[in-house]
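Please read the structure below before turning to the comments.
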Amino acid sequence: MKWYKGVVMQVLMTEIETAREHMVMLGLTEGLTSRNTVRISQTLDYLLNELSKVIAAD
């Protein structure tokens, strides 16, 4: 199952980077407190928490 964990981690890291880039762009265009920026920030938090769970699972 190590290969599966590696695949999941890679997918999560890709999604995290995409969400981070999106959040930065929204923050610059709509402001840091806009509804869309906050929403993507919450999504990013979720993805980071999921990555932490995968890393911690052994």
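Residue numbers start at 1 and run along the sequence shown. All figures in this text were calculated on a predicted structure; none of them were measured in a lab.
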Pairwise distance CE(M23) to CG(L32) - rounded to 0.5 angstrom: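 Going from CE on M23 over to CG on L32, the span is 8.5 Å.
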To the closest 0.5 Å, what do you measure between CD (E50) and CD (E15)?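 One gets 10.0 Å once the value is rounded to the nearest 0.5 Å.
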Mind checking what makes side-chain hydrogen bond (donor to acceptor under 3.5 Å, both in side chains) contact with N36, not counting sequence neighbours?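 For N36 the side-chain hydrogen bond (donor to acceptor under 3.5 Å, both in side chains) partners, ignoring immediate neighbours, are E30, R39.
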Not counting sequence neighbours, which residues clear side-chain hydrogen bond (donor to acceptor under 3.5 Å, both in side chains) with T43? List them please.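 In terms of side-chain hydrogen bond (donor to acceptor under 3.5 Å, both in side chains), with neighbours along the sequence ignored, T43 is linked to no residue.
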If the test is side chain to side chain contact (heavy atoms under 4.5 Å, CB included), which one of L47, I55, N49 qualifies with L51?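 Exactly one option meets the side chain to side chain contact (heavy atoms under 4.5 Å, CB included) with L51, and it is I55.
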Please answer: with hydrophobic residues joined when any side-chain heavy atoms are less than 4.5 Å apart, are [X] and [Y] in the same cluster?
X   : Y   : value
I16 : M9  : yes
M13 : V8  : yes
L48 : L12 : yes

Salt bridge (charged side-chain N to carboxylate O under 4.0 Å, His left out) partners of R20, counting only residues at least two apart: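 Applying salt bridge (charged side-chain N to carboxylate O under 4.0 Å, His left out) to R20 gives E17.
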If you compare all heavy atoms of V54 against all heavy atoms of K5, which two are closest, and at what distance to 0.1 Å?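 In terms of heavy atoms, the two residues are closest at O-CE, 2.9 Å.
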What heavy-atom pair brings I40 and A19 nearest, and what distance separates the two atoms?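 For I40 versus A19, the nearest heavy atoms are CG1-O, 3.8 Å.
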With no hydrogens and no angle check, is any side-chain donor or acceptor of T37 less than 3.5 Å from a backbone partner on G31?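 Yes: the side chain of T37 pairs with the backbone of G31.
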